[in-house]
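The figures that follow rest on heavy atoms only: side chains count, while hydrogens, waters and symmetry mates do not.
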Amino acid sequence: MDIPKTYDKNRERGIYERWMEKGYFRADVSSDRTPYTIMIPPPNITAKLHMGHALNNTIQDILIRFKRMQGFEALWVPGTDHAAIATEVVVMKELAKQGITKDSLGREGFLEKLWEWNDIYGGEIINQLKKLGSSCDWDRQRFTMDDGLSDAVLEVFVRLYNEGLIYRGERLVNWCVKCGTSISDAEVEHEERQSHLWHFKYPVVGQEGSYISFATSRPETMLGDTAIAVNPKDERYAALVGKKAYIPMCNREIPIIADDYVDPEFGTGAVKITPAHDPNDFEVGLRHDLPRINMLNDDGTINKNGGAEYEGLARKDARKKITEKMTELGLFIKTVEITHSVGEHDRCGIIVEPLMKLQWFVKMEELAKPALDAYKNGKLKFNRERFGKIYSNWLENIRDWCISRQLWWGHRIPAYYCTNGHITVSKTTPEKCSTCGDTSLIQDPDVFDTWFSSALWPFSTLGWPGKTADLKKFYPTDVLVTDRGIIFHWVARMVFMGEKFMGELPFKDVFINGTVQDELGRKMSKSLGNGIDPLEIIDEFGADVLRLMLVSGNAVDNDTRFFRERLEPARNFLNKLWNATRFVMMNLEGLSAKDYASSDTPGVLIGFPVEDRWIASRLTRLTHEVTEKLEAHELGLAAQKIVDFVWDEFCDWYVEMVKPRLYGGKDGNIAAQESRNDAQFTLSLVLASVVRLLHPFTPFITEDLHIALCNAMGMPLTEGDDIASPTIMRSAWPFYRADEVDPEAEKCIERIKEAVRAVRAVRTEKQVPPSQKIAVQIIPADDESTALFEETKAAIALLCGAISVELTDTPPKNAVSVVVSGATIYLPLDSLVDAEKERARLSREQKKLQQEIARIDSKLSNEGFTAKAPEALIKAERDKRENYIAMLAKVESELEA
RNA sequence: GGGCGCAUAGCUCAGCUGGGAGAGCGCCUGCCUUACAAGCAGGAUGUCGGAGGUUCAAGUCCUUCUGCGCCCACCA
């Protein structure tokens, strides 16, 4: 048979194309199967996918493939996010390299560039997902700005507006005075800067000679002060609270108020409050109903609210002039050197100015409550409790959500303003003002926060606001797999939007996956240049290897370090599996699966040799455990179980044990032929099952192995067949079969393993080369063992490199003896036997056994233990003790001999 | 400042509801035993970060300390 010694990763592409052609990824909305739905966290179209995406999507694909095989109507909806601000910034940077600015292109021209960008990067992302093996339903692929989703966004805005849950109000935004635009927090770079803290004092009104002193890093904003605040517990100022202070530059009296926000330890313990130019002060202003005086023009100069004396001055100049003025009036105290962080616009480096602008808000109190309740009453679960806490903490401290962004890339807010200042909100462009009928309407230039559209993702992707069959069948989804970084930006918002518009949670399980870091445990980032492109790894190792590595050896919620060496164990394992399959297929000659009842029939292994029943028993236990771990989303543990089974139990023990039966026929008897068929059947059955268990993790290689095995077993591939399906991804998930659990067979094989290991250890110790075949003799301890060793002696001989294994009842002379459970084994090694050393070795054994027995005795004699420990545990200890005592007796009799 | 995570073999990490410390890589010894040298067999390696406590029993639960890391808020 001509099968390459290593698996060819280049086959992945062809396999994926075949899956696409056959439509295996498609979910059928009209099927009567129970739906299982996952919505992809839509990757931002800002850049290609990174290793974190590879992990996140591998996890989703594992779950969706698992459920599909279990017989669910599995739907994984793919798509991408327009990522308003992030994409706009990236594209602007690109354009800047060509010397093009946003304004020179105009709104239409700029948007054209963005759609071009989307074609390239959105497409690249989809390509990457396919390379990874993602079994998404590509017919249902969506984009947050496609027609359907845009319609959903407008619909939600209009409905919330009509219900009074959306309002327009003033709010501070980060404003760049150079670029003349508001910028997001993400674009603000914080830098430690050397600066000064100026100490001043304001006269207290009506109390001649009384002052209240304060510190500020921005003296110019005194023009916008509308209060002085102190801590309510601060006794130094208690008498002044309720009084007024006087700002000489503005000829304005402002109240002295008490607010917890003030730290009595800092500065003088009194703070000037400028609600229009500082986020904290803004909050204080809200609490105390203070006026907000905007004293800056959009270009950063002082406006008319600053007073005639200062109007038109740049911030720097105003600061100087005001400081001089205060000094003149004797109100300046001192300056102190400080370092503090200053926000700068990451593109132009100019210090960001908080400025008041009219913004759109969603009222959150009413919307947040059901989302919080869902978590509190357990309907919404997180894979780890700590993630749930992040979620509920945020919702408990919820503030109204500012949904307008001064950008062009995104869904434009469907609000129209007439010349009389009325607002008309409408999904379609209105002809006239709904209040006054004015026909000269101007649409709000702003777009929505990108999360406003992604909050709708679980139902907008299924056709909402239409009443579609997809919505009916696939909403709510089953699990959301995402990164912990967006628990409140995205997860919480999807939950309350789902509750609000669908009347149902969008999902019940939230699966937060860890972060992929570099080999030093640092975050992979562009600035560090330590990112690794998943495609590069896939090209070199194949997607299967990458996927298996990403979920192996790590709890899924823990952060994981990525480095190339970690790929090798995964690659080696798949190679092992490949070769095991090669071996099985080379030895299936003469097998006709038809001769055996369907593997789904209970009791099919009755009458099979003990090792066959053992491996079948182990397999069915494995099936149970893997299924359980996958249900519990413990992917790493599930993968580890499969790897251990394949490598250790199947390859290292079972395959080696059945070799005599496969190569058999040496003695030419009929019984051997039947035993050979049993081995062939068991080999192929177990392998075919384990390949199915592994499929969600490594979809490509398992598809090849599945098809090859079905062919080798003489099972024609038939669409709809649970086992011989033309694709493994639509074959049935193996199930736990109580009738195949065989504790007796397991106990027997454990004894065989113990015996074989003991012989091997002696061989190594005595440095007997593999080429030297020895004749092993066994004295079984009882009838049961006699039968067992008789049945398996050919296998034992092969496993420990013996020329023969014979049962006897008289100890041979000049032999090394080892005592194991159920037998004493003799290795006649004449010349190598050193009586002295043998006695020493046996004494060591004796001592070890005595220690073990003593350990158990001390446990069993502890009344607390026997009274409170579980019954099964006590029995297990007693059984062990019994076995050790029997072995000890044998060792001692050997010592006496 | 608030919240959270991690600390287990030389390295990277598993260890679910408490019941005799594990894997992979690396290391030592011997093997090209015709499925696999990306392999096989045998082996060495740990006061499970420190200190208390709960329990018959603690890597696992509680308290506290130390060292790394992350998130949120912010330094007037």
(request) Check the surroundings of atom CZ in A:R11: do more than 12 heavy atoms from other residues, nucleotides or ligands lie under 6.0 Å from it? (result) no
(request) Between B:rC6 and B:rC56, how far apart are the P atoms? Round to whole Å, please. (result) 28 Å
(request) Determine yes or no for a side-chain-to-main-chain donor-acceptor pair under 3.5 angstrom, with A:N397 supplying the side chain and A:N393 the backbone. (result) yes
(message) Checking the side chain of A:N530 only, and the main-chain atoms of A:K523 only, is there a donor and an acceptor separated by less than 3.5 Å?
(response) yes
(request) Remember a base hit wins even if backbone is also touched, and classify A:C800 as base, sugar-phosphate or nothing at under 4.0 Å, heavy atoms. (result) nothing
(message) Surrounding NZ of A:K9 (heavy atoms of other residues, nucleotides or ligands, distance under 6.0 Å), is the total greater than 12?
(response) yes
(request) Have a look at A:F573 and say if it touches a base, only the backbone sugar-phosphate, or nothing, with a 4.0 Å heavy-atom cut-off. (result) nothing
(request) Grab the CD-C1' distance between A:E568 and B:rA38 for me, whole Å please. (result) 8 Å
(message) Measuring only the C1' atom in each nucleotide, how far is B:rG22 from B:rU45? A whole number of Å is fine.
(response) 13 Å
(message) So A:E283, base contact, sugar-phosphate only, or nothing? Heavy-atom distance under 4.0 Å.
(response) nothing
(request) For A:V262, report the nucleic acid contact type (base, sugar-phosphate, nothing); a contact means any heavy atom under 4.0 Å. (result) base
(message) I'd like the P distance from B:rC48 over to B:rA9, given in whole Å.
(response) 10 Å
(request) When you get a sec, tell me which of B:rC40, B:rA37, B:rC75 is the closest nucleotide to the side chain of A:D278? (result) B:rC75
(message) What's A:T6 touching, base or sugar-phosphate or nothing? Going by heavy atoms closer than 4.0 Å.
(response) base
(request) Quick one: label A:V643 by what it contacts on the DNA or RNA (base, sugar-phosphate, nothing), any heavy atom closer than 4.0 Å. (result) nothing
(message) Taking only side-chain N and O atoms of A:K576, does any of them lie within less than 4.0 angstrom of OP1 or OP2 on B:rC36?
(response) no
(message) If you compare every side-chain N and O of A:R386 against the phosphate oxygens of B:rC4 (OP1, OP2), does one of them come in below 4.0 Å?
(response) no
(request) Answer with base, sugar-phosphate or nothing: what part of the nucleic acid does A:D281 contact at a heavy-atom distance below 4.0 Å? (result) nothing
(message) Of the listed nucleotides (B:rA38, B:rG20, B:rG15), which one gets closest to any side-chain atom of A:A555?
(response) B:rG15
(message) Nearest whole Å is fine: how far is B:rG30 P from A:Q772 CD?
(response) 17 Å
(request) With RNA chain B as reference, determine whether A:P870 or A:W653 sits nearer its 5' end, using the nearest nucleotide of each. (result) A:P870
(request) Compute the centroid of each ring, for A:F488 and then for A:Y391, and state whether the two points are separated by less than 6.0 Å. (result) no
(request) Report yes if a side-chain nitrogen or oxygen of A:N280 is closer than 4.0 Å to either non-bridging phosphate oxygen (OP1 or OP2) of B:rC75; otherwise report no. (result) yes
(request) Could you check which of B:rA14, B:rC36, B:rG20 has an atom nearest any side-chain atom of A:L637? (result) B:rA14
(request) Please give the nucleotide sitting opposite B:rG5 as a Watson-Crick or G-U wobble pair, both distances under 3.5 Å, or none. (result) B:rC68
(request) Ignoring the backbone of A:N554, work out which of B:rC75, B:rA14, B:rC72 is nearest its side chain. (result) B:rA14
(message) Side chain of A:R760, heavy atoms from C-beta onward: which of B:rG42, B:rA35, B:rC75 has the nearest atom to it?
(response) B:rG42
(request) Report which part of the nucleic acid A:N575 touches: base, sugar-phosphate, or nothing (heavy-atom distance under 4.0 Å, all strands). (result) base
(request) Determine the Euclidean distance between corresponding P atoms of B:rG20 and B:rU60; express it in Å to zero decimal places. (result) 14 Å
(request) In whole angstrom, give the distance that lies between atom CG of A:N393 and atom P of B:rG3. (result) 10 Å
(request) Using atom types as modelled and distance alone, determine if a side-chain donor or acceptor of A:D544 lies under 3.5 Å from a backbone N or O of A:F700. (result) yes
(message) Does B:rG39 have its OP1 or OP2 closer than 4.0 Å to a side-chain nitrogen or oxygen of A:N572?
(response) yes
(message) For A:R287, is the CZ atom crowded, meaning more than 12 foreign heavy atoms sit under 6.0 Å from it?
(response) yes
(message) On the nucleotide B:rC71, are OP1 or OP2 found under 4.0 Å from the side-chain N or O atoms that A:K523 carries?
(response) yes
(message) With rounding to the closest Å, how many angstrom separate the C1' atoms on B:rU54 and B:rA14?
(response) 27 Å
(message) Could you tell me how far apart A:L635 (CG) and B:rC16 (C1') are, to the nearest whole angstrom?
(response) 14 Å
(request) Ignoring backbone atoms, test whether A:W647 places a side-chain nitrogen or oxygen under 4.0 Å from the OP1 or OP2 oxygen of B:rA35. (result) no
(request) Would you classify A:K880 as touching base, sugar-phosphate or nothing, given that sugar-phosphate means primed atoms plus P, OP1 and OP2, and contacts are heavy atoms under 4.0 Å? (result) base
(message) Distance check, P atoms only: B:rA23 and B:rU64, in whole angstrom units.
(response) 35 Å
(request) Pick the C1' atom in B:rG10 and in B:rG3, then give their distance to the nearest Å. (result) 35 Å
(message) Does A:R484 reach a base, just sugar-phosphate, or nothing at all? Heavy atoms under 4.0 Å.
(response) sugar-phosphate
(request) Please confirm whether A:R760 makes a cation-pi placement over A:W653, using NZ or CZ under 6.0 Å from the six-membered ring centre and within 45° of the ring normal. (result) yes
(request) Specify the separation, in whole Å, of atom CD of A:Q640 and atom P of B:rA14. (result) 12 Å
(request) Verify the neighbour count for atom CD of A:E631: are there more than 12 heavy atoms of other residues, nucleotides or ligands below 6.0 Å? (result) yes
(message) Quick check on B:rA35: is either OP1 or OP2 less than 4.0 Å from any side-chain nitrogen or oxygen of A:Y663?
(response) yes
(request) Would you mind classifying the nucleic acid contact of A:N558 as base, sugar-phosphate or nothing, using non-hydrogen atoms under 4.0 angstrom? (result) sugar-phosphate
(request) Select one nucleotide: of B:rG42, B:rC36, B:rC70, the one nearest the side-chain heavy atoms of A:R757. (result) B:rG42
(request) Scan A:Y654 against the nucleic acid and name what it touches under 4.0 Å (heavy atoms): base, sugar-phosphate only, or nothing. (result) nothing
(request) Check whether any side-chain nitrogen or oxygen of A:R561 sits under 4.0 Å from OP1 or OP2 of B:rC13, and answer yes or no. (result) yes
(message) From the set B:rA41, B:rG20, B:rA38, return the single nucleotide nearest to any side-chain atom of A:T764.
(response) B:rA41
(message) Determine whether a donor-acceptor pair (one donor, one acceptor, N or O, separation below 3.5 Å) exists between the side chain of A:K389 and the base of B:rC4.
(response) no
(message) I want to check a possible cation-pi pair here: A:K576 against A:F650, using under 6.0 Å from ring centre and within 45° of the ring axis as the test.
(response) no
(message) Which is more 5' along RNA chain B, the nucleotide nearest A:E877 or the one nearest A:G485? Just name the residue.
(response) A:E877
(message) Please report the distance, rounded to the nearest Å, between CD1 in A:I398 and P in B:rC72.
(response) 15 Å
(request) Return the value, rounded to whole Å, for the distance between atom CG of A:L520 and atom P of B:rG69. (result) 12 Å
(request) Take atom CG of A:L798 and atom C1' of B:rU34, then tell me their distance rounded to the nearest Å. (result) 13 Å
(request) Determine the interatomic distance between P on B:rG52 and the same-named atom on B:rG42; round to the nearest Å. (result) 41 Å
(message) Counting the atoms with a prime plus P, OP1 and OP2 as sugar-phosphate, which does A:K868 contact under 4.0 Å by heavy atoms, base, sugar-phosphate, or nothing?
(response) base
(request) Describe the nucleic acid contact of A:A869 in one word from base, sugar-phosphate, nothing, applying a heavy-atom distance below 4.0 Å. (result) base
